[in-house]
Amino acid sequence: MIEARHLRVLRAVSATGSFSAAARELGCTQPAVSQQMKALEASAGTALLIRTGRDMRLTQAGEALVRHAAGILAGLTAAEEEVAAIAGLRAGRVRLVSFPSGSSTLVPGALAALRAEHPGTRVSLVEAEPPRSVDLLREGDCDIALAFRYGATGGEWDDLVVRPLLTDRLIGLLPEGHRLAGASSVSIGELADESWIAGCPRCRRQLVEVCEESGFAPRIDFATDDYPAVMGLVGAGLGVAVLPELAVESVRPKGARAVPVEPAIEREIVALTLPDLARVPAVAATLDQLARTAAR
């Protein structure tokens, strides 16, 4: 019988490339990793790893087992959590991944409300932009991924449970002394000759697409994933930018003026999870709190 603990060891060996590195990641000894891999190969009835000197690679059977391991472990976690809830335990664990502007706006209120309602539920938070955050969810390394997309992409999240949260409009940022800083709105085309400061890679691609639709290619002089840095560069008069409204809300821009841009550029903010995990009470409660916070 293949055991979950053996699958976790196999995933660690595959990810790190050696028994010693896997042992460090799992917090155990190298002999323990070696013994568990031998037990797993005995259960599988075939070799899972090929060792050539210090190098190590998966056999075809090993690759197949690693490919299925994330779903198996996620399903097992869902089963354990659901059984525990049915048995009357008032506890749970949720691993949340969020992009930065979501971490500073949606997440704090949602987690505070969750703690007040379910004090036994523990939530951990790490930051990652999509698509990396979605990859972490599919790989079994988180339970909920807060993500966004510009326009619906067919089939992108068909294997996941999608909880829509809100529509976030991108806002133009201009230096306070800019000729259009006092306008009620500004057309992207009016900024064709400006120096641009671009944000995260996905937002950057969207900016380029919108500018090209307006007949020009933006001259991007600065690019940074750090929203306060974008605002600081704009405030210093080094260029113009468009940022999500959530990002503008999370940082008070100094020396910069926020102006709506036309045509409207919007992104869909969602919470994603795996179908098995959606039935886990702690995960479901966290999704509910994220939706309530977004609706305020």
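As the structure is a prediction and not an experimental result, all values here were calculated from the model. One-based numbering along the sequence shown. Side chains are part of it too, since the values below use all heavy atoms of this structure and drop only hydrogens, waters and symmetry mates.
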Is a side-chain donor or acceptor of [X] paired with a backbone partner of [Y] at a separation under 3.5 angstrom?
X      : Y      : result
His118 : Gly120 : no
Ser98  : Ser103 : yes
Thr293 : Gln289 : yes
Glu117 : Leu114 : no
Thr59  : Ala47  : yes
Ser14  : Leu10  : no
Thr16  : Ala22  : yes
Asp168 : Arg267 : no

Approximate separation, where rounding is to 0.5 Å, of [X] [atom1] and [Y] [atom2]:
X      : Y      : atom1 : atom2 : value
Phe19  : Met56  : CZ    : CE    : 4.5 Å
Thr273 : Leu287 : OG1   : CG    : 6.0 Å
Glu245 : Arg169 : CD    : CZ    : 8.5 Å
Asp135 : Asp141 : CG    : CG    : 10.0 Å
Leu146 : Thr286 : CG    : OG1   : 11.5 Å
Ile269 : Phe148 : CD1   : CZ    : 7.0 Å

Do the side chains of [X] and [Y] join up, straight or via other hydrophobic residues, at under 4.5 Å, putting them in one cluster?
X      : Y      : answer
Val97  : Leu125 : no
Trp157 : Leu136 : no
Ile50  : Val66  : no
Leu111 : Val126 : no
Val162 : Leu290 : yes

Chi angles and distances behind the side-chain contact (heavy atoms from CB on, under 4.5 Å) call for Ser133, Glu129: CA-CA 6 Å; Ser133 57; Glu129 296 274 1; over 6 Å; no
Are [X] and [Y] packed together at the side-chain level, in the sense that at least one heavy-atom pair is separated by less than 4.5 angstrom?
X      : Y      : value
Val13  : Ser18  : no
Leu191 : Asp193 : no
Asp143 : Val280 : no
Gln206 : Val210 : yes
Leu137 : Ile144 : no
Leu49  : Glu41  : yes
Arg163 : Asp288 : yes
Leu272 : Val161 : no

Go through it in stages, so that I can follow the logic: the residues are Leu243 and Met231, the test is side-chain contact (heavy atoms from CB on, under 4.5 Å), and I'd like the CA-CA distance, side-chain angles, deciding distance and then a yes or no. CA-CA 9 Å; Leu243 285 183; Met231 295 182 188; 3.8 Å; yes
Show, in sequence, the C-alpha distance, side-chain angles and deciding distance for Arg179 and Glu190, and conclude whether the salt bridge (charged side-chain N to carboxylate O under 4.0 Å, His left out) test is met. CA-CA 11 Å; Arg179 57 188 172 84; Glu190 293 179 275; 5.1 Å; no
Tell me whether Arg57 at atom CZ has more than 12 heavy atoms from other residues, nucleotides or ligands lying less than 6.0 Å away. no
Search all heavy atoms of [X] against all heavy atoms of [Y] and return the closest pair with its distance.
X      : Y      : answer
Thr46  : Ala61  : CG2-CB, 3.7 Å
Gly102 : Pro108 : O-CD, 4.4 Å
Trp196 : Leu207 : CZ3-CD1, 3.7 Å
Phe216 : Gly189 : CE2-CA, 4.0 Å
Leu106 : Ala294 : CD2-CA, 3.8 Å
Gly199 : Asp225 : O-OD1, 3.9 Å

Do Arg132 and Glu139 sit within salt-bridge range, that is, some charged N less than 4.0 Å from a carboxylate O? yes
Are Glu3 and Arg8 ion-paired here, with the side-chain N under 4.0 Å from a carboxylate O? no
side-chain contact (heavy atoms from CB on, under 4.5 Å) between His178 and Val240: does it pass, once the steps are laid out? CA-CA 9 Å; His178 193 278; Val240 301; 4.2 Å; yes
Start with the C-alpha gap between Val259 and Leu180, add the side-chain angles, then the distance that decides, and say whether side-chain contact (heavy atoms from CB on, under 4.5 Å) holds. CA-CA 9 Å; Val259 181; Leu180 297 173; over 6 Å; no
